[in-house]
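Encoded as structure tokens, the structure appears first; notes follow it.
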Amino acid sequence: MTPNGFPKSRTALVLAVLVPLGVLGDALWIRLAPGGAPWQALDDRWNGLVGGPADGVRWQLAQLLNRLGGEPGLALLAIAVVALLIARRWRSAVFACAAIAATALTVDLIKRVGERPRPLDVMVDTGSWAFPSGHAARMAAFVVIVAAVWIPARHLRAWWPVGVFLTVLMMGARTWQHAHWLTDTIGGAAVGWAVAALVWRACTPLLDRERALREALDAPAIVEPAASEERLS
């Protein structure tokens with residue numbers, strides 16, 4: 001298994017740069033707008049539609065995703081990084097750690113800029129500000145990391161719909177428990193994808209080097225004609 005190259009489309013790189021700036025601009029808008037976020041009416045309507053009693057299958061799924069977005073999820077990431085190191089893929093491990101760290105720092109910065117309160121009817125323990133969602137950001141970053149270092153190139157097209165489903169599932173879980181407004185999760189998913197993509201682009205020389213080395217190791221040995229003729233004689 002070898003790492004994949006960053007998409008050649010310029011659009012992907014341009015979006016990866018502009019999306020975090022756009023979310024940061026939204027945070028400033030939230031901070032400065034009188035009465036809170038300009039789109040608060042939309043968030044209020046969505047918040048009234050979702051959620052339910054703290055039991056049942058949907059609640060348990062939301063709780064599972066809640067935990068995966070916290071310390072248990074970071075522990076699983078640490079195990080994955082160790083697995084990459086054992087497989088002698090330290091460059092991929094560096095990329096994965098850098099993508100998660102950069103995502104966390106960016107989310108924390110934007111939260112401090114926006115200082116948006118969470119819904120009053122939040123159903124789980126939370127910390128810090130609401131916008132953007134750290135859980136949604138980490139899931140989106142995880143999707144990009146997996147695409148870069150674990151999914152074979154021939155299966156990437158099949159992975160992206162799965163990654164979108166996982167991200168939307170996390171977004172739904174956060175709003176189901178009223179831990180976030182809907183737009184918090186949209187902003188978080190956008191930041192997670194964009195920041196991880198930028199780190200992927202920045203780590204391209206490292207990942208290209210790893211891919212070249214692994215392809216060289218996997219290539220069949222070629223016997224020089226002169227050497228083979230000498231053995232026959």
Side-chain angles (χ1 to χ4, degrees), residues 1-25 68-69 73-111 132-171 185-218:
M1 189 179 297
T2 60
N4 294 303
F6 185 79
K8 295 181 180 179
S9 170
R10 290 185 179 179
T11 302
L13 181 58
V14 170
L15 286 176
V17 173
L18 293 181
V19 164
L21 295 177
V23 177
L24 178 61
L68 286 177
L74 293 177
L76 290 175
L77 175 65
I79 293 172
V81 168
V82 170
L84 287 172
L85 294 174
I86 292 174
R88 299 181 180 180
R89 298 184 60 188
W90 66 265
R91 296 171 179 85
S92 289
V94 167
F95 158 68
C97 292
I100 291 297
T103 299
L105 289 172
T106 304
V107 167
D108 185 64
L109 170 64
I110 298 176
K111 280 179 180 287
S133 166
H135 280 63
R138 283 188 289 274
M139 179 61 82
F142 168 78
V143 167
V144 174
I145 292 169
V146 170
V149 302
W150 275 299
I151 302 297
R154 62 183 180 277
H155 296 318
L156 269 180
R157 285 190 177 183
W159 167 247
W160 290 121
V162 175
V164 170
F165 172 77
L166 292 174
T167 305
V168 171
L169 197 64
M170 177 63 82
M171 294 165 64
T185 64
I186 295 172
V191 167
W193 169 81
V195 172
L198 283 175
V199 176
W200 185 2
R201 179 65 181 83
C203 290
T204 291
L206 274 180
L207 298 178
D208 285 349
R209 177 60 176 166
E210 179 181 311
R211 183 168 61 254
L213 290 173
R214 295 186 72 85
E215 288 175 350
L217 289 174
D218 294 338

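These values consider heavy atoms only, across backbone and side chains, with no hydrogens, waters or symmetry-generated copies.
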When rounded to the nearest 0.5 Å, the distance separating CG of Leu68 from CG of Leu74 is 10.5 Å

Do Leu105 and Leu109 come close enough that some side-chain heavy atom pair is under 4.5 Å?
-> no

Residues pairing under side-chain hydrogen bond (donor to acceptor under 3.5 Å, both in side chains) where one sits in residues 97-106, two or more places apart or in two chains, turn out to be none

Do any N or O atoms from the side chain of Asn4 and from the backbone of Ala147 form a donor-acceptor pair under 3.5 angstrom?
-> yes

Value for CG (Leu77) from CZ (Arg138), rounded to nearest 0.5 Å, stands at 10.5 Å

- Message: Checking Trp150 against Ile145 for the side chain to side chain contact (heavy atoms under 4.5 Å, CB included) test, could you report, in this order, the C-alpha distance in whole Å, the side-chain angles of both residues, the deciding distance, and whether it holds?
- Response: CA-CA 8 Å; Trp150 275 299; Ile145 292 169; 4.0 Å; yes

In short, Trp200 meets Ala148 closest at the heavy-atom pair CE2-CB, 3.6 Å

| message | Checking Phe95 against Val199 for the side chain to side chain contact (heavy atoms under 4.5 Å, CB included) test, could you report, in this order, the C-alpha distance in whole Å, the side-chain angles of both residues, the deciding distance, and whether it holds? | response | CA-CA 7 Å; Phe95 158 68; Val199 176; 3.8 Å; yes

*If only atom types and distance count, is the side chain of Arg211 paired as donor or acceptor with the main-chain N or O of Pro3 below 3.5 Å?*
yes

Sorted by chain and number, sequence neighbours left out, side-chain hydrogen bond (donor to acceptor under 3.5 Å, both in side chains) with Arg91 holds for none

Smallest heavy-atom separation, Val191 atom then Val19 atom, equals N-CG1, 4.4 Å

So CG of Leu198 and CG of Leu13: to nearest 0.5 Å the spacing works out to 7.0 Å

Pro20 and Leu15 have their tightest heavy-atom pair at CD-O, 4.3 Å

Here the gap from Thr11 atom OG1 to Leu18 atom CG, rounded to the nearest 0.5 Å, amounts to 10.5 Å

So Ile100 and Phe142, side chain to side chain contact (heavy atoms under 4.5 Å, CB included) or not? Walk me through it. CA-CA 8 Å; Ile100 291 297; Phe142 168 78; 5.6 Å; no

Interatomic distance, CE@Met170 vs OG1@Thr185, rounded to 0.5 Å, equals 11.0 Å

The side-chain hydrogen bond (donor to acceptor under 3.5 Å, both in side chains) partners of Ser92 (sequence neighbours excluded) come to Arg89, Glu210

Contacts satisfying salt bridge (charged side-chain N to carboxylate O under 4.0 Å, His left out) that involve residues 99-108 (not counting sequence neighbours) are Asp108-Arg112

Closest heavy-atom pair, Val144 versus Ala197, reported as atoms and distance to 0.1 Å, is CG1-N, 4.0 Å

In terms of heavy-atom contacts, Leu21 and Val17 come closest through CG-O, 3.5 Å

So salt bridge (charged side-chain N to carboxylate O under 4.0 Å, His left out) across residues 187-202, not counting sequence neighbours, yields none

Only pairs under 3.5 Å count here: list side-chain donor-acceptor contacts from residues 155-167, not counting sequence neighbours, and write none if there are none.
unit_1	atom_1	unit_2	atom_2	d
Trp159	NE1	Val143	O	3.1
Thr167	OG1	Gly163	O	2.9

All heavy atoms of Pro132 vs all of Gly187, minimum pair found to be CB-C, 3.7 Å

